Colleague: 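Take this structure, written in structure tokens, and hold onto it; I'll ask about it next.
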Amino acid sequence: MLFVISLASLLTTALAASSAGQLGFALGSKRADGTCKNTADYAADLAVLSAHTKLVRIYSVSDCETMKYLMPAAAASSPAVQVMLGVWPTDDAHYNLEKAALRNFTTAQTKSSIHSVTVGSEALYRKDMTATQLASKISEIRTLMSGLGASVPVGTADSWNVLAQGDAYPAIDASDIVLANAFSFWQGQDLQNMTNSVIDDIMQALGVVQLRARVTGSSKLFWVGETGWPTDGNAYDAAKPGLDVAKTYWKDAVCGMLAWGTNVFAFEAFDEPWKPVATGDNGIALPETSWGVFTVDRKLKYNITCPYA
């Protein structure tokens, strides 16, 4: 089913919403030169981000020993910033390192800073595993976290179109929280259509998550897991990077979804110059270094205040 919704109707709905959605930021684990961050680096990140959010998400707890160094910074942050932890579930060696990090660094001091856990980041989109296999890993991590005294929501993050397909149902059903990633840029949308495109995508994913919640008799938290627009680089079909376009995307798409009551993770917090190129579905490879809402030295690129969120 295809949902078509205009920004005007979205904002009309938002006026009747009981509350705005929450804003979070995807947070990288490396410095500009590609070396791993330490606790002081994360403390500096959170000091800036805490003026705009109460939540960041990461993709792996063991890579760069992220959980070890980030969680003390989160526990000490003021205003407090929680962390949505990420677990990489694919190869067994990596997955075992992820579980070991959870066991080692979920402590009395850090538990209150853990918001939730996502198992996998577009694992189904990349066909790393089946939805049934992913569901098993989600359940395993939920049991592990509960045993550690951190009974937090556990779920997964994947591309909106994958979540909208029936093959994803087992993973959705196993999840307490579901994140849908949606990028108008990587769909080659121009300035005129980028907002309606991402809203339509998210509506489709949300509709399926809501349906599965009804079918299974469960409640599920829903977030836009990643969305954003690059401020520099080359065009991807009709999608053109740039500061002015990114500002418009934030004001219309991100603020619009927040006003509608949808939780949104911006991709991403800070520019990451070390990153390799990313390849879209049309085979075009582009650098993914300028997607930050902030520069690499933590300067805000544009106003991110949402007037109606």
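In this text, all values refer to a predicted model and were calculated from it rather than measured experimentally. For the single chain, residues carry numbers from 1 onward in sequence order.
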Colleague: Is there a donor-acceptor pair under 3.5 Å between the side chain of Thr227 and the backbone N or O of Phe183?
Modeller: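 Answer holds: no.
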
Colleague: Can you hop from Val178 to Met84 via hydrophobic side chains spaced under 4.5 Å?
Modeller: no

Colleague: What closest approach, in Å, do Thr39 and Pro72 show between heavy atoms, and which atom pair accounts for it?
Modeller: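 What the structure gives for the nearest pair is CG2-CB, 4.2 Å.
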
Colleague: For the residue pair Thr110 and Thr107, confirm or rule out a side-chain donor-acceptor distance under 3.5 Å.
Modeller: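 Yes, because at least one side-chain N or O of Thr110 sits under 3.5 Å from a partner of the opposite role on Thr107.
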
Colleague: Verify the neighbour count for atom NZ of Lys54: are there more than 12 heavy atoms of other residues, nucleotides or ligands below 6.0 Å?
Modeller: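 No.
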
Colleague: Shared ILVMFWY cluster between Val81 and Val61, side chains joined below 4.5 angstrom?
Modeller: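 Result: yes, single cluster for both.
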
Colleague: Do the ring centers of Trp88 and Tyr95 come within less than 6.0 Å of each other?
Modeller: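 Centroid distance Trp88-Tyr95: not below 6.0 Å, so no.
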
Colleague: More than 12 heavy atoms of other residues, nucleotides or ligands under 6.0 Å from OH of Tyr169: is that the case?
Modeller: yes

Colleague: Would you give the length of the straight line joining atom OG of Ser29 to atom CD1 of Ile58, rounded to the nearest 0.5 angstrom?
Modeller: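 Between Ser29 OG and Ile58 CD1, I get 8.0 Å after rounding to 0.5 Å.
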
Colleague: Under a 3.5 Å distance rule, please check whether Ser184 uses its side chain to pair with a backbone N or O of Met194 as donor and acceptor.
Modeller: yes

Colleague: Going by the side-chain contact (heavy atoms from CB on, under 4.5 Å) test, name the single residue among Leu243, Asp244, Thr248 that passes it with Tyr302.
Modeller: Leu243

Colleague: Nearest 0.5 Å please: distance from the OG1 atom of Thr118 over to the CG atom of Leu85.
Modeller: 8.0 Å

Colleague: What heavy-atom pair brings Asp271 and Trp291 nearest, and what distance separates the two atoms?
Modeller: OD1-N, 3.5 Å

Colleague: Please say which of Ile138, Thr216, Val215 ends up in a side-chain contact (heavy atoms from CB on, under 4.5 Å) with Asp173.
Modeller: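 Looking at Ile138, Thr216, Val215, the match for Asp173 under the side-chain contact (heavy atoms from CB on, under 4.5 Å) is Thr216.
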
Colleague: Rounded to the nearest 0.5 Å, how far apart are CD1 of Ile177 and CD1 of Ile172?
Modeller: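 So the gap between those two atoms works out to 13.5 Å.
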
Colleague: Do Phe294 and Val48 have side chains that get closer than 4.5 Å, going by heavy atoms?
Modeller: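 Side-chain contact under 4.5 Å: yes.
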
Colleague: Where do Pro273 and Thr289 come nearest, in terms of heavy atoms and distance?
Modeller: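 The answer is O-CG2, 3.7 Å.
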
Colleague: Atom CD in Glu98, atom OG in Ser60: separation rounded to 0.5 Å?
Modeller: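 Rounded to the nearest 0.5 Å, the CD-OG separation comes out at 3.5 Å.
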
Colleague: Please determine whether a side-chain nitrogen of the Lys or Arg among Asp33 and Arg31 lies less than 4.0 Å from a carboxylate oxygen of the Asp or Glu.
Modeller: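 Result for this pair is no, no salt bridge flagged.
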
Colleague: Rounded to the nearest 0.5 Å, how far apart are OG of Ser146 and CD1 of Ile141?
Modeller: 12.5 Å

Colleague: So, the side chain of Trp229 versus the backbone of Tyr249: is there a donor-acceptor pair under 3.5 Å, distance only?
Modeller: no

Colleague: Taking Arg298 for the side chain and Phe270 for the main chain, is one N or O donor matched with an acceptor at less than 3.5 Å?
Modeller: no

Colleague: Mind checking whether Val83 and His115 have side chains closer than 4.5 Å, heavy atoms only?
Modeller: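 Side-chain contact under 4.5 Å: no.
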
Colleague: Closer than 3.5 angstrom, by distance alone: can the side chain of Asn193 be matched with the main-chain N or O of Gln189 as a donor-acceptor pair?
Modeller: no

Colleague: Using only atom types and a distance under 3.5 Å, with no angle test, would you say the side chain of Asp201 pairs donor to acceptor with the backbone of Asn161?
Modeller: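 Looks like no, no N/O pair under 3.5 Å.
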
Colleague: If only atom types and distance count, is the side chain of Thr106 paired as donor or acceptor with the main-chain N or O of Leu102 below 3.5 Å?
Modeller: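 The answer is yes, because a donor-acceptor pair under 3.5 Å joins these two groups.
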
Colleague: With a 4.5 Å cut-off on side-chain heavy atoms, are Asp176 and Arg142 touching?
Modeller: yes

Colleague: Compare every heavy atom of Asp41 with every heavy atom of Cys36, then report the nearest pair and how far apart it is.
Modeller: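 In this case the closest contact between Cys36 and Asp41 is O-OD2, 4.5 Å.
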
Colleague: Evaluate the criterion side-chain hydrogen bond (donor to acceptor under 3.5 Å, both in side chains) for residue pair Ser136 and Ser139; output intermediate values, then yes/no.
Modeller: CA-CA 5 Å; Ser136 177; Ser139 297; over 6 Å; no

Colleague: Between Ser62 (side chain) and Glu65 (backbone), is there a donor-acceptor pair under 3.5 Å?
Modeller: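 Such a contact is absent between Ser62 side chain and Glu65 backbone.
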
Colleague: Side chains of Met257 and Val224: closer than 4.5 Å at any heavy-atom pair?
Modeller: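 Touching, per the 4.5 Å side-chain cut-off.
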
Colleague: For residues Leu134 and Thr130, determine if any side-chain heavy atom of one lies less than 4.5 Å from a side-chain heavy atom of the other.
Modeller: no

Colleague: Kindly determine whether Lys301 and Thr231 satisfy side-chain hydrogen bond (donor to acceptor under 3.5 Å, both in side chains), including the steps that lead there.
Modeller: CA-CA 9 Å; Lys301 294 181 181 179; Thr231 55; 2.7 Å; yes

Colleague: Given the rule that I, L, V, M, F, W and Y join up when any side-chain heavy atoms are under 4.5 Å apart, are Trp223 and Ile114 in one cluster?
Modeller: no

Colleague: Just so I know, are the side chains of Lys111 and Met71 near enough to count as touching, which here means a heavy-atom distance under 4.5 Å?
Modeller: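 Lys111 vs Met71: side chains apart.
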
Colleague: Please round to the nearest 0.5 Å and tell me the distance separating atom CG of Leu286 and atom CD of Glu288.
Modeller: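 Spacing of CG (Leu286) from CD (Glu288) equals 9.5 Å.
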
Colleague: Which heavy-atom pair separates Ser159 from Glu122 by the least distance, and what is that distance?
Modeller: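 Scanning both residues completely, I find the closest heavy atoms to be N-CG, 3.9 Å.
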
Colleague: Check for me, please, whether Val277 and Phe185 land in the same ILVMFWY cluster - side-chain distances under 4.5 Å, paths through other members count.
Modeller: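 No, separate clusters.
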
Colleague: Indicate the atoms forming the closest heavy-atom contact of Gln82 with Ser112, along with that distance.
Modeller: NE2-O, 2.9 Å

Colleague: Count the heavy atoms of every other residue, nucleotide or ligand shown that sit under 6.0 Å from NZ of Lys240, and state whether that count exceeds 12.
Modeller: no

Colleague: Contact between Lys30 and Cys64 at the side-chain level, heavy atoms closer than 4.5 Å - yes or no?
Modeller: yes

Colleague: As a quick check of understanding, evaluate side-chain contact (heavy atoms from CB on, under 4.5 Å) for His94 and Asp63, giving each step before the final call.
Modeller: CA-CA 9 Å; His94 198 171; Asp63 291 358; 2.8 Å; yes

Colleague: Under the 3.5 angstrom rule, does the side chain of Lys37 hit a backbone N or O of Gly28 as a donor-acceptor pair?
Modeller: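 Judged by distance alone, yes, a pair lies under 3.5 Å.
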
Colleague: If Ile, Leu, Val, Met, Phe, Trp and Tyr residues are connected whenever their side-chain heavy atoms lie under 4.5 Å apart, and connections chain through other members, are Val119 and Leu55 in the same group?
Modeller: no

Colleague: The test is side-chain contact (heavy atoms from CB on, under 4.5 Å); show your working for Ile304 and Val293 and say whether it passes.
Modeller: CA-CA 8 Å; Ile304 61 173; Val293 177; 3.6 Å; yes

Colleague: Quick one: does any side-chain atom of Arg126 pair with a main-chain N or O of Ser121 as donor and acceptor, under 3.5 Å?
Modeller: yes

Colleague: Does any non-hydrogen side-chain atom of Trp250 lie less than 4.5 Å from one of Val245?
Modeller: no

Colleague: Are the aromatic rings of Phe25 and Phe267 close, with centres under 6.0 Å apart?
Modeller: no

Colleague: Hey, is Glu268 close enough to Lys275 for a salt bridge, meaning N to O under 4.0 Å?
Modeller: yes

